[in-house]
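Here is the structure we will look at, set down as structure tokens.
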There are 2 protein chains.
Amino acid sequence: MKRNTWQRESVRDSLAGIGGFISAQALHAALRAGGSPIGLATVYRTLADLAAIGEADSLQSPDGEALYRACSSGEHHHHLICRHCGRTVEIGAAEVESWAQRVAAENGFVDAAHVVDIFGWCAQCADEASGVEDASSARRAPGAADATGAV
Amino acid sequence: MKRNTWQRESVRDSLAGIGGFISAQALHAALRAGGSPIGLATVYRTLADLAAIGEADSLQSPDGEALYRACSSGEHHHHLICRHCGRTVEIGAAEVESWAQRVAAENGFVDAAHVVDIFGWCAQCADEASGVEDASSARRAPGAADATGAV
DNA sequence: AGGTTATTGATAATGATTGTCAAATAGAGC
DNA sequence: GCTCTATTTGACAATCATTATCAATAACCT
């Protein structure tokens, strides 16, 4: 059975307090900075638990760190991430959910999890970059996105 | 200036030959298995370069590995990947393409690339595991996949 | 061909994450 | 309130992918 420990509460609370995404390492550091003697392994375990029961979201940052965020809504959603400034927009995607489940089932796959994220340049970064990135933006024109960067 | 070495060609070629996503480690192992004495660090560097100039896609697998794929084929598709045996099924997803473009546009994002992959257990691996993984598979029933692994 | 300099590769270093296991403790039952 | 026991914790070791180091090599310009 699951026990309620102050450590678990502590992780849950501070994750909710952060609001956005944070790495396990950073959350541990924040807790320690706040005077808590919580252990690093416990933070990892708790975050993994929270993610497993749906109380937290997790995603892999581009440099391979796992990031977590309190998932107040309980809603499952995906992210639209600016690959320049890191701004993140949450997007719901009922159509994608059902598509993923259907495709997995059609191919005999079970316990399907999907990775669905969209990376792009947010309006602001695109504006700022347009003056200096001519060659690059020509190569990666919007129309070519599917062929080049899309996965 | 960029120099053309057989190592670079080798990585480029075998990545294209693979067709799907592969980790740097796995690609290195494949090259070595094919008789090439290429170094691991070189594979990492070359893949990072290819990704930087747009000749390769990269994505983070759920367990934190970086996966790469050649993106010159012109054909854009996604993957259904068995997280146990690695079997990969290519899946087309016209509906997801248009969804991704629409969502990005609605939020002012340009040059949008999407990461859409489904990880699961293929029928065969699920069968083999069912005898020993009862508790686990009950905990991670198909219906719970969205809450647990999806991002 | 010769010289410059980017590239390579063996290995060490890094950094995140997970495994280990004895000690602490939450919660059930008395 | 007190005991008991299974769960949880935490310090530390182990693991794994990735990156840095740096001497040796090899591409490319002239």
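Keep in mind the model is a prediction, meaning the values are calculated, not measured. In what follows, chains are A, B, ... by sequence order, proteins preceding strands, each numbered from 1.
With sequence neighbours excluded, the residues satisfying side chain to side chain contact (heavy atoms under 4.5 Å, CB included) with S14(B) are L27(B), L31(B). With sequence neighbours excluded, the residues that form a side chain to side chain donor-acceptor pair (under 3.5 Å) with Q25(B) are Y44(B). F21(A) pairs by the ring-ring contact (aromatic ring centres under 6.0 Å, His included) definition with H79(A), not counting sequence neighbours. Checked against side chain to side chain contact (heavy atoms under 4.5 Å, CB included), A66(A) has the following partners two or more places apart in sequence or in another chain: Q60(A), Y68(A). When the side chain to side chain donor-acceptor pair (under 3.5 Å) test is applied to D49(B), the partners found at least two apart in sequence or on another chain are R8(B). With sequence neighbours left out, the side chain to side chain donor-acceptor pair (under 3.5 Å) criterion links S23(B) to E65(B).
Place S23(B) and T46(A) on DNA chain D by their nearest nucleotides, and T46(A) ends up nearer the 5' end. For the pair G39(B) and Q7(A), nearest-nucleotide mapping onto DNA chain C gives the more 5' position to G39(B).
When rounded to the nearest whole Å, the span between NE2 of H28(B) and P of dT18(D) equals 13 Å. As a whole-Å value, the separation of R8(A) CZ from dT7(D) P is 13 Å. Between the CD atom of Q60(B) and the C1' atom of dA17(D) there is a distance of 10 Å, given to the nearest Å. Here dT8(C) presents its C1' atom at 14 Å from CG of L31(B), a figure rounded to the nearest Å. Nucleotide dG10(D) holds its P atom 13 Å from the CG atom of L47(A), rounded to whole Å. Rounded to whole Å, the distance from CG on D49(B) to P on dT8(C) is 8 Å. Counting to the nearest Å, the P atom of dT7(C) and the CD1 atom of I38(B) are 14 Å from each other. Rounding to whole angstrom units, CH2 of residue W6(B) and C1' of dA6(C) are separated by 16 Å.
Residue pairs that meet the salt bridge (charged side-chain N to carboxylate O under 4.0 Å, His left out) test with at least one member in residues 28-41 of chain A, sequence neighbours left out, do not exist here. Within the structure, every pair that satisfies the salt bridge (charged side-chain N to carboxylate O under 4.0 Å, His left out) test and touches residues 11-26 of chain B, not counting sequence neighbours, is listed here: E9(B)-R12(B), R12(B)-E55(B). Applying the salt bridge (charged side-chain N to carboxylate O under 4.0 Å, His left out) definition to pairs two or more places apart or across chains, those involving residues 99-110 of chain B are E95(A)-R102(B), R102(B)-E106(B).
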Taking N or O atoms only and anything under 3.5 Å, show me the protein contacts with nucleotides 28-30 of chain D, one pair per line.
| residue | atom | partner | partner atom | Å |
| --- | --- | --- | --- | --- |
| dC28(D) | OP1 | N4(B) | N | 2.9 |

Residues Q7(B), T46(B); criterion side chain to side chain contact (heavy atoms under 4.5 Å, CB included); working and verdict: CA-CA 8 Å; Q7(B) 288 94 335; T46(B) 305; 5.5 Å; no

Steps toward side chain to side chain contact (heavy atoms under 4.5 Å, CB included) verdict (I38(A), H28(A)): CA-CA 8 Å; I38(A) 194 170; H28(A) 176 246; 4.1 Å; yes

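Side-chain atoms of R45(A) and base atoms of dG10(D) include a donor and an acceptor less than 3.5 Å apart.
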Which nucleotides of DNA chain C pair, in dot-bracket form (Watson-Crick or G-U under 3.5 Å, | meaning another strand): ||||||||||||||||||||||||||||||

Summary of protein contacts for nucleotides 11-16 of chain C, nucleotide by nucleotide, where a base hit scores B, a sugar-phosphate-only hit scores S (4.0 Å, heavy atoms): -----S

